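As structure tokens, the structure follows; a few thoughts come after it.
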Amino acid sequence: MTTEPTLTTNPAPAPAPVARKKRPEIDFFRGSMLMLMVIYHNFRVGVSQDPIQLAMMSFLELCSTVFLLVSGVNVANFIASAAKTPDFQPTRFYLKASVWLFLMGFSYNFLVRTWFNMDILQCVAMGTLLTYVLLHYKIPNYLVGLVTLAIFAAGVIGFGSTVQLYPSVKSHFLFNQLIANGQVLDKGIDGLIPAPWLFNLFGPIPWVGFFTLGIFVDRLQGKWLWIVAAAMVGIGVIGAFLPPLDAVGRTAFGFRANPRYIFQAASISSIWFLLFKAYYRNKAACNRTIAFWSESSLIVFVFHWIFIMGASALVAFLAVATKVKFFQTGFTYSRAILAFGAMALLLRPLDNWRRRPAAHPRFVQRARTAMIVGFLLTLFGLAKATRMPGFAIVAYLGTVLAACTFAFSYPSFRAKWRKEAIKKSNPA
């Protein structure tokens, strides 16, 4: 007598996400632009009339636009991979991830004193949503180009609506008594305070346009690639004859949303991307160090400002205490070396440190608590600092706590939301 095999029904395992196809040119651009950004922000902080520093600022300022352009390509690459994951609910994931990035990103804004104005992370959140909509509904590339053109056109039209964003700010945390090019500034440096418009700094016009511009140029093929490249050269030349960047006024539509900046940034960043995309066409991988900077972009964003602040305090102390000419005349350069060196040396340990608490079962609750405490400390310190300047340090510590919690927790939240967006299969 034979025994029939017993059939058992087991729940089907949840489908695993399809691995993202690596594109070395994306890692190269994102990582290298972050490296340049760490250097550039040292030259942007402070007052300078040095022609070399001004020339470096003019060149390095483009690193932000190139980073956003390539981020658009990077998000599109993720979306294309996600579309191949069985039962993945992309709308749920990208909506949730973008909304939380928009809100949690204000911890970074507090750290760099842009407060409740929109900054680069809010632009990334909005650009991610717009990218998802364009790809989800399979918008043809020529319409993506028209959408980009419309966004930039709105920025140009809005150039006449300016507001003042650079009044003197007396409480600048560690930047008080800051030395810039050998001068001790009694009132710190000019900075940003909350303004009546949400979108004064890094506004969606034109910054989200650089996101869609990346999608547009990346999808170009054949003769259209060369036609658009030639057009971008022409746009850059035209931009040279338009009104210069206004260093005092900013439009209510977006930071640096003036014609010259839009024309030249769109032109140069597109040409850079197309050239290096062609250069990396047959390469299997990007340099490991540069790729790691790209993968750890959130930590770089948050911690490089902390290192800049620390380097500023250290170099200012050395300049006063030692009276060495180098620390006085070379303040910005020495600060840039210290901040970049700290970021390069500590990036991997910081990333390893970020991964440890994520395994704790109460990680989510602890992260939320730390974020809320950081925000409350910041607001309390700012309120008290108007009468008692010493409380500015409380506000600064609050911004550091909130921003560090954000940098350490958001990648883990994204991974959690990605798993939640994969539907569980019913038992057979």
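Bear in mind that the values here come from a model prediction, so they are computed numbers and not experimental data.
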**Request:** For Ile215 and Gly72, work out which heavy atoms get closest and say how close.
**Result:** CG1-O, 3.9 Å

**Message:** Is the distance from the ring center of Phe67 to that of Trp293 below 6.0 Å?
**Reply:** no

**Message:** Angle between ring planes, His304 versus His41, binned at 30° and 60°: parallel, tilted or perpendicular?
**Reply:** parallel

**Fill in**
Correct closest heavy-atom pair for Thr405 and Ala367 would be CG2-O, 3.3 Å

**Asked** Can you check whether Asn42's main-chain N or O pairs, donor with acceptor, with Arg335's side chain at less than 3.5 Å?
**Response** yes

**Message:** Which label fits Phe28 and Tyr280: parallel for a plane angle under 30°, tilted from 30 to 60°, or perpendicular past 60°?
**Reply:** tilted

**Prompt:** What residue among Ile120, Val124, Leu111 forms side chain to side chain contact (heavy atoms under 4.5 Å, CB included) with Phe301?
**Reply:** Ile120

**Fill in**
Between Ile139 and Arg219 the two heavy atoms that sit nearest each other are O-NH2, 3.2 Å

**Asked** With a 4.5 Å limit on heavy-atom distance, are the side chains of Tyr94 and Val133 in contact?
**Response** no

**Prompt:** Above 12 or not: heavy atoms from other molecules or residues under 6.0 Å from CH2 of Trp417?
**Reply:** yes

**Asked** Which distance, rounded to the nearest 0.5 Å, do you find between the CZ of Arg414 and the CZ of Phe93?
**Response** 4.0 Å

**Message:** What's the separation between atom CD1 in Ile26 and atom CG in Asn74, rounded to the nearest 0.5 Å?
**Reply:** 5.0 Å

**Request:** Could you tell me whether the side chain of Ser267 and the main chain of Met232 form a donor-acceptor pair under 3.5 Å?
**Result:** yes

**Asked** Yes or no on ring-ring contact (aromatic ring centres under 6.0 Å, His included) for Phe210 and Phe216, after CA distance, side-chain angles and deciding distance?
**Response** CA-CA 10 Å; Phe210 290 111; Phe216 175 70; over 10 Å; no

**Item:** Derivation and outcome, salt bridge (Lys or Arg N to Asp or Glu O under 4.0 Å), residues Arg348 and Asp351
**Value:** CA-CA 5 Å; Arg348 194 169 291 275; Asp351 184 69; over 6 Å; no

**Message:** Could you measure the distance from the CG atom of Asp218 to the OG atom of Ser270? Nearest 0.5 Å is fine.
**Reply:** 11.0 Å

**Fill in**
Interatomic distance, OG@Ser64 vs CH2@Trp207, rounded to 0.5 Å, equals 5.0 Å

**Item:** Nearest-0.5 Å distance, CG of residue Leu121 to CZ of residue Phe102
**Value:** 10.5 Å

**Prompt:** What are the two closest heavy atoms between Ala285 and Pro24, and how far apart are they?
**Reply:** C-CB, 3.7 Å

**Between Gln221 and Asn141: side-chain donor-acceptor atoms closer than 3.5 Å** = no

**Message:** Please determine whether side chain to side chain contact (heavy atoms under 4.5 Å, CB included) holds for the pair Phe276 and Phe29, giving the CA-CA distance in whole Å, both sets of side-chain angles, and the decisive distance to 0.1 Å.
**Reply:** CA-CA 8 Å; Phe276 278 93; Phe29 256 117; 3.4 Å; yes

**Item:** Stepwise side chain to side chain contact (heavy atoms under 4.5 Å, CB included) check, Leu377 with Leu397
**Value:** CA-CA 8 Å; Leu377 281 176; Leu397 293 176; 5.6 Å; no

**Message:** Can you give me the closest heavy-atom contact between Leu298 and Pro411, atom names plus distance?
**Reply:** CD2-CD, 4.0 Å

**Complete:** By side chain to side chain donor-acceptor pair (under 3.5 Å), Ser269 pairs with (sequence neighbours left out) none

**Request:** Decide yes or no for Met104 and Ser409: does some side-chain heavy atom of the first lie under 4.5 Å from some side-chain heavy atom of the second?
**Result:** yes

**Request:** Assign the ring pair Tyr410 / Phe406 to parallel, tilted or perpendicular, where the plane angle (0 to 90°) is split at 30° and 60°.
**Result:** tilted

**Prompt:** Where the side chain of Ser81 meets the backbone of Asn77, is there a donor-acceptor pair that is under 3.5 Å apart?
**Reply:** yes

**Message:** Please check: side-chain N/O of Ser98 versus main-chain N/O of Leu95, any donor-acceptor pairing under 3.5 Å?
**Reply:** no

**CG on Leu213 to CG on Leu68, rounded to 0.5 Å** = 10.5 Å

**Minimum side-chain heavy-atom gap Met35-Thr289 below 4.5 Å** = yes

**Under 3.5 Å donor-acceptor, Thr378 side chain and Thr399 backbone** = yes

**Request:** Could you walk me through whether Phe307 and Val38 pass the side chain to side chain contact (heavy atoms under 4.5 Å, CB included) test, one step at a time?
**Result:** CA-CA 10 Å; Phe307 295 149; Val38 174; over 6 Å; no

**Message:** Please check if the number of heavy atoms outside Phe363 that lie under 6.0 Å from its CZ is greater than 12.
**Reply:** yes

**Message:** Tell me every residue that passes side chain to side chain donor-acceptor pair (under 3.5 Å) with Tyr132, counting only those two or more places apart in sequence or in another chain.
**Reply:** Thr91, His136

**Asked** Is there side-chain contact between Arg418 and Phe88, with heavy atoms separated by less than 4.5 Å?
**Response** yes

**Prompt:** So, for Cys404 and Phe303, which heavy atoms are closest and what is the spacing to 0.1 Å?
**Reply:** SG-CZ, 3.6 Å

Donor-acceptor list for residues 233-242 side chains, cut-off 3.5 Å, not counting sequence neighbours:
none

**Message:** The test is side chain to side chain contact (heavy atoms under 4.5 Å, CB included); show your working for Phe273 and Val73 and say whether it passes.
**Reply:** CA-CA 10 Å; Phe273 176 74; Val73 180; 3.9 Å; yes

